[in-house]
2 protein chains.
Amino acid sequence: MSGEIKINNYNDDGREFIQGIFYKDQSFGEPPLFLNQKYPASAVAVEEALVLCLPKSDFMKLLDENPAVSIRIIENLAQRLYYKSVMAAEMSTQEPEHRVLKLIDHGIAYFNFKKDENGYLINFTRQQIGDLTGLRVETVIRTIKTLEKKGVLKIINRKVYR
Amino acid sequence: MSGEIKINNYNDDGREFIQGIFYKDQSFGEPPLFLNQKYPASAVAVEEALVLCLPKSDFMKLLDENPAVSIRIIENLAQRLYYKSVMAAEMSTQEPEHRVLKLIDHGIAYFNFKKDENGYLINFTRQQIGDLTGLRVETVIRTIKTLEKKGVLKIINRKVYR
DNA sequence: CTTGTTTTATGATTTAAGTCATAAAACGCA
DNA sequence: TGCGTTTTATGACTTAAATCATAAAACAAG
């Protein structure tokens, strides 16, 4: 309903990977419900957030009685699968510059980045970009500097614009 | 309807990434339909295959008139999203041994690996494992050897069993 | 059976990203 | 207003996986 939630994992040595970030009017956590699986990740509030929790039975009832909702859910899952497919290919084969840029451009299209006179403000910390792309902070910082030098994005007092 | 299909991408320098592999009774390629997006990947027959192509309009009609099909589609997308989430976390933070093992164990659960007296036969080439995990063939070969030495899987005349 | 291709295999070398160390700037808050 | 924390930043060094080279075994096709 409001705020910002990240879905994440930690690997064996405590390194974080962010599966996705969700904002107002978005939903998360459905897939395991349909599979009777355990949640493969955690949900963490990045800022104060209000989240509506729907019991599985109510959710299933909603779907049963309301085909239009099913379609919306399908569209939503399709969107998330699309993002994951694109990022998986990026993360496994492309170099840092490509990965960071892809994430940023995806963010412009699907996260709530605001546009002002400098362009779109990329509302992620370097650490978050790293955790979303599988890179380390230092690498992200250096990569963003390189991208700025190449003129594909701007850094205006430490904030990234595209 | 039969055969084996891989969904893949090639990066800028021709390196392949396999998004997924599909067999009899499975479906693929739906997400972009719901998003009116271009296909972000290609489909390639790995062996002789027979594929049923359903026009978008027919498919949508099927969903509209048949809520039970919607639920099946949701379950299917949820399954694929689940796989991608798990593999994304693996690929970005875990080391080769972990990645390869995770893929193999997922394959046992969801691809059509057959069990015989030696255990489950992992019906992938080293190259395919590499393209699915973002590793190079040589790394996969060495990793599998290490895993064999550790006793977590068997290599019987070049075939991998788990 | 022969021949060309794919798959598995192994050793040597390179390199890009990770790691480690350190610090300044910015932010949050009591 | 001062103090602890987070974020951005940079340089030096290390390392794990990629790359390169080479080859044997297995397989496929004629």
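Order of the sequence lines fixes the chain letters, A, B, ..., with proteins taken first and strands second; residue numbering starts at 1 for each chain. Note that the coordinates shown come from a computational prediction; the quantities given were computed from them, not determined experimentally.
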Residues 38-50 of chain A, side-chain donor-acceptor partners within the protein, below 3.5 Å, at least two apart:
none

For nucleotides 23-25 of chain D, which of its nitrogen or oxygen atoms have a protein nitrogen or oxygen under 3.5 Å away, and what is each distance?
{"from": "D/dA25", "atom 1": "O4'", "to": "B/Arg158", "atom 2": "NH2", "distance (Å)": "3.3"}

Angle of first-five versus last-five pair axes in the helix from C/dC1-D/dG30 to C/dA30-D/dT1, to 10 degrees: 60°
5′-ward residue of the pair A/Lys159/A/Val140 relative to DNA chain C: A/Val140
Sidechain-backbone polar pair: A/Lys102 side chain, A/Glu90 backbone, donor-acceptor under 3.5 Å: no
Base-contact (B) and sugar-phosphate-only (S) positions in nucleotides 10-17 of chain D, heavy-atom cut-off under 4.0 Å, - elsewhere: BBB----S
Checking [X] now: which residues fulfil side chain to side chain contact (heavy atoms under 4.5 Å, CB included) with it, not counting sequence neighbours?
X: A/Arg15; answer: A/Asn11, A/Arg136, B/Thr93
X: B/Asp58; answer: B/Leu54, B/Pro55
X: A/Leu121; answer: A/Lys159, A/Tyr161
X: A/Leu63; answer: A/Phe34, A/Phe59, A/Met60, A/Val69, A/Ser70, A/Ile73, B/Ile71, B/Ile74

Members of residues 123-133 of chain B that approach DNA chain C, where some heavy atom sits under 4.0 Å away: B/Thr125, B/Arg126
Strand contacts (DNA chain C) in residues 3-17 of chain B, 4.0 angstrom heavy-atom criterion: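 Contacts with DNA chain C under 4.0 Å: none.
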Set of side-chain hydrogen bond (donor to acceptor under 3.5 Å, both in side chains) partners for A/Arg99, sequence neighbours left out: none
All pairs passing side chain to side chain donor-acceptor pair (under 3.5 Å) where residues 138-152 of chain A contributes a residue, at least two apart: A/Glu97-A/Lys150
Which atom of A/Leu81 lies closest to which atom of B/Pro31, heavy atoms considered: CD2-CG, 3.7 Å
